[in-house]
J.: 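Submitted below is the structure of interest, expressed as structure tokens.
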Amino acid sequence: MTIANNIAPLTARLLEIQRMSTEDGPGIRTTVFFKGCGLKCRWCHNPESIAPHPQVQWIESRCIACGTCVSQCPEGALELTAQGIVIDRQVCRNCSVCAEACPTAALERLGKKWRLEDLLAEVLKDRAYFDVSGGGITLSGGEPGLQARFAAAFLDRLRAQGVHTALDTCGLYDTKVLEQLLPATHLLLYDLKIADPERHRECTGHTNAKILENAMHAARYLRSQAKASRMWVRTPIIPGDTDTPENIAAIGRFIATRLEGMVSRWELCAFNNLCADKYRRLDLPWPYAGCPLPSANRMEALAETARASGVDAEIVQWSGATHLEGA
Ligand code: SF4
Ligand code: SF4
């Protein structure tokens with residue numbers, strides 16, 4: 001056996017590869033979703049990406065009620081009821097035996113290990129649309145920084161291939177991780193959700209101290225590299241949690257004074273309910289059931305607050321579906 005044969009291939013646990021994305025950076029992109037995140041935002045739109053380990057979910061529309069999964073589960077965690085398959089999450093060990101046995105893919109395993117070489121081969125198939133659209137590849141999640149060795153190697157290899165790279169990050173990890181990831185990242189997509197540390201902890205499970213520290217570190221790095229237009233900040237506009245003028249103004253002051261000149265876009269992303277089904281499939285409560293979309297007027301008012309907060313007004317924009325005022 002050669003020495004090379006003794007070196008285990010670099011792997012990461014990924015949730016999904018999403019093609020033809022237009023929301024995760026410039027141009028048309030392929031987004032790679034990593035599994036596992038250090039935050040637990042109560043509005044998370046990818047709840048299946050939070051746990052670092054594999055999980056199973058049941059998709060009602062695919063189920064033919066054959067009962068195969070129930071008989072195969074080694075833990076006795078499944079029951080076929082009049083309402084469909086019920087998973088006892090206290091008993092389930094996420095072994096995925098049921099998903100492998102299900103004839104219709106109604107039970108689905110979330111989270112698959114990928115080898116670096118296999119992932120590169122898969123995403124580079126999309127090169128044709130990167131090249132014509134000015135797009136590239138975005139690492140998202142979950143949090144790519146929790147699988148930093150793999151993420152850094154992936155970014156390096158993409159850069160060597162001349163592919164534009166974006167890193168979508170929540171910023172919660174040791175600063176050394178950021179230092180590993182930044183050199184091969186062309187565009188940093190950085191989430192700033194809540195300015196008040198205690199409120200941040202209540203809504204996400206952690207204070208924002210490390211996140212703000214890492215944002216400043218990234219800005220210093222980009223400044224030192226003369227990469228002035230390579231950081232976009234994104235703020236989710238969540239009813240009752242992040243959508244106050246005070247919060248938006250405070251985030252704006254932070255961008256203006258601590259990330260000065262390094263942010264070329266600050267996007268306010270309107271809340272939506274599209275992830276409600278994901279919560280149901282994981283047997284998790286969706287705390288925003290019945291919450292209406294914000295109105296366009298509300299989003300525009302928050303954008304005005306953002307523009308008046310001290311940042312360059314040109315960098316502020318908002319996105320997402322809205323409801324008609326008075327409808
Ligand atoms: S993942 Fe494993 S333990 Fe959980 S329900 Fe499926 S077969 Fe049973
Ligand atoms: S094996 Fe699949 S199709 Fe059959 S009952 Fe289970 S989830 Fe439904």
Side-chain angles (χ1 to χ4, degrees), residues 34 36-47 49-52 140-146 148 167-179 181-182 188-223 231-263 265-271 284-288 291 294 298-299 301-312 315-316 318:
F34 285 64
C37 184
L39 291 181
K40 209 172 174 191
C41 305
R42 59 187 182 208
W43 55 79
C44 180
H45 274 49
N46 294 318
S49 72
I50 295 176
S140 184
E143 174 49 64
L146 292 196
L167 172 67
D168 177 11
T169 183
C170 75
L172 183 69
Y173 36 67
D174 194 281
T175 304
K176 285 194 181 74
V177 166
L178 192 61
E179 287 169 350
L181 300 178
L182 281 176
L188 188 62
L189 305 172
Y190 207 94
D191 284 3
L192 294 177
K193 308 169 204 293
I194 298 179
D196 180 76
E198 188 47 32
R199 188 80 186 121
H200 196 283
R201 193 189 58 72
E202 284 168 20
C203 292
T204 72
H206 281 269
T207 74
N208 55 8
K210 193 70 196 171
I211 294 167
L212 299 181
E213 181 192 325
N214 279 339
M216 291 187 282
H217 188 86
R220 279 194 298 276
Y221 173 83
L222 296 175
R223 189 175 294 115
M231 190 169 181
W232 293 1
V233 169
R234 299 202 285 193
T235 301
I237 300 300
I238 309 298
D241 287 331
T242 72
D243 66 342
T244 63
E246 294 75 20
N247 184 47
I248 299 304
I251 293 174
R253 285 193 295 277
F254 176 81
I255 295 171
T257 58
R258 304 303 180 95
L259 310 181
E260 194 186 354
M262 293 296 110
V263 176
R265 181 192 288 200
W266 178 18
E267 186 174 348
L268 309 182
C269 308
F271 162 85
L284 296 170
W286 169 236
Y288 302 89
C291 260
R298 173 83 175 137
M299 290 302 296
L302 289 171
E304 272 310 304
T305 301
R307 292 181 190 113
S309 65
V311 302
D312 174 357
I315 70 170
V316 177
W318 63 267

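Just so you know, these numbers use all the heavy atoms, side chains as well, and skip hydrogens, waters and symmetry mates.
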J.: Measure the shortest side-chain to side-chain distance between Asn247 and Ile194 over non-hydrogen atoms and say whether it is less than 4.5 angstrom.
T.: yes

J.: Distance check, rounded to the nearest 0.5 Å: Asn46 atom CG versus Phe34 atom CZ?
T.: 14.0 Å

J.: Starting at CG of Leu192, measure out to CD1 of Ile251 and round the result to the nearest 0.5 Å.
T.: 6.0 Å

J.: Is any side-chain heavy atom of Val233 less than 4.5 Å from a side-chain heavy atom of Arg265?
T.: no

J.: How long is the gap from CE on Met262 to CE on Met216, to the nearest 0.5 Å?
T.: 14.5 Å

J.: Could you tell me which non-hydrogen atom of Ala218 sits nearest to which non-hydrogen atom of Leu182, and how far apart they are?
T.: CA-CD1, 4.0 Å

J.: Is a side-chain donor or acceptor of Thr175 paired with a backbone partner of Asn214 at a separation under 3.5 angstrom?
T.: no

J.: Under a 3.5 Å distance rule, please check whether Asn208 uses its side chain to pair with a backbone N or O of Ala195 as donor and acceptor.
T.: yes

J.: Answer yes or no: is there a donor N or O on one side and an acceptor on the other, between the side chain of Glu267 and the main chain of Cys269, under 3.5 Å?
T.: no

J.: Would you say the side chain of Lys193 lies within less than 4.5 Å of the side chain of Ile211, judging by non-hydrogen atoms?
T.: no

J.: Which residue, Thr242, Thr244, Asp241, forms the side chain to side chain donor-acceptor pair (under 3.5 Å) with Arg199?
T.: Asp241

J.: Check step by step if side-chain contact (heavy atoms from CB on, under 4.5 Å) holds for Ile238 and Arg42.
T.: CA-CA 10 Å; Ile238 309 298; Arg42 59 187 182 208; over 6 Å; no

J.: Taking atom CD as the centre, does Glu260 end up with more than 12 heavy-atom neighbours from other residues, nucleotides or ligands that are less than 6.0 angstrom away?
T.: no

J.: Taking the side chain as everything from C-beta on, heavy atoms only, tell me whether Leu302 gets closer than 4.5 Å to Trp318.
T.: no

J.: State the CG-CZ distance between Leu39 and Arg201, to the nearest 0.5 angstrom.
T.: 13.0 Å

J.: Write down the atom of Thr305, the atom of Pro245, and the distance for their closest heavy-atom approach.
T.: CG2-O, 3.6 Å

J.: Which residue in the set His200, His206, Glu202 passes side chain to side chain donor-acceptor pair (under 3.5 Å) when paired with Thr204?
T.: His200

J.: What closest approach, in Å, do Glu143 and Gly145 show between heavy atoms, and which atom pair accounts for it?
T.: OE2-N, 2.7 Å

J.: Taking side chain as C-beta onward, heavy atoms only, is Pro52 less than 4.5 Å from Leu146?
T.: no

J.: Calculate, to the nearest 0.5 Å, the distance between atoms OG1 and CG belonging to Thr169 and Leu189 respectively.
T.: 9.5 Å

J.: Would you say Ile248 and Ser309 make side-chain contact, with heavy atoms under 4.5 Å?
T.: no

J.: So, Glu179 and Lys176, do they make that salt bridge, N to O below 4.0 Å?
T.: no

J.: Would you give the length of the straight line joining atom CZ of Arg234 to atom CG of Leu268, rounded to the nearest 0.5 angstrom?
T.: 12.0 Å

J.: Side-chain contact, heavy-atom cut-off 4.5 Å: Met299 with Ile237?
T.: yes

J.: Taking all non-hydrogen atoms of both residues, which atom of Cys37 and which atom of Cys170 are closest, and how far apart?
T.: SG-SG, 4.2 Å

J.: Would you sort out whether Ile255 and Trp266 count as a side-chain contact (heavy atoms from CB on, under 4.5 Å), showing the intermediate values?
T.: CA-CA 9 Å; Ile255 295 171; Trp266 178 18; 3.6 Å; yes

J.: Would you say Arg258's side chain and Leu212's backbone share a donor-acceptor pair under 3.5 angstrom?
T.: no

J.: Applying side-chain contact (heavy atoms from CB on, under 4.5 Å), run through Trp43 and Cys291 and close with a yes or a no.
T.: CA-CA 12 Å; Trp43 55 79; Cys291 260; over 6 Å; no

J.: Ser140 and Asp168: which non-hydrogen atoms are nearest, and at how many Å?
T.: OG-OD2, 2.8 Å

J.: Going by the angle between their ring planes, with limits at 30° and 60°, are Trp286 and Phe271 parallel, tilted or perpendicular?
T.: parallel

J.: For Met231 and Ala215, work out which heavy atoms get closest and say how close.
T.: CE-O, 3.9 Å

J.: Any chance you could lay out the side-chain contact (heavy atoms from CB on, under 4.5 Å) test for Val311 and Val316, step after step, and finish with the verdict?
T.: CA-CA 8 Å; Val311 302; Val316 177; 3.8 Å; yes

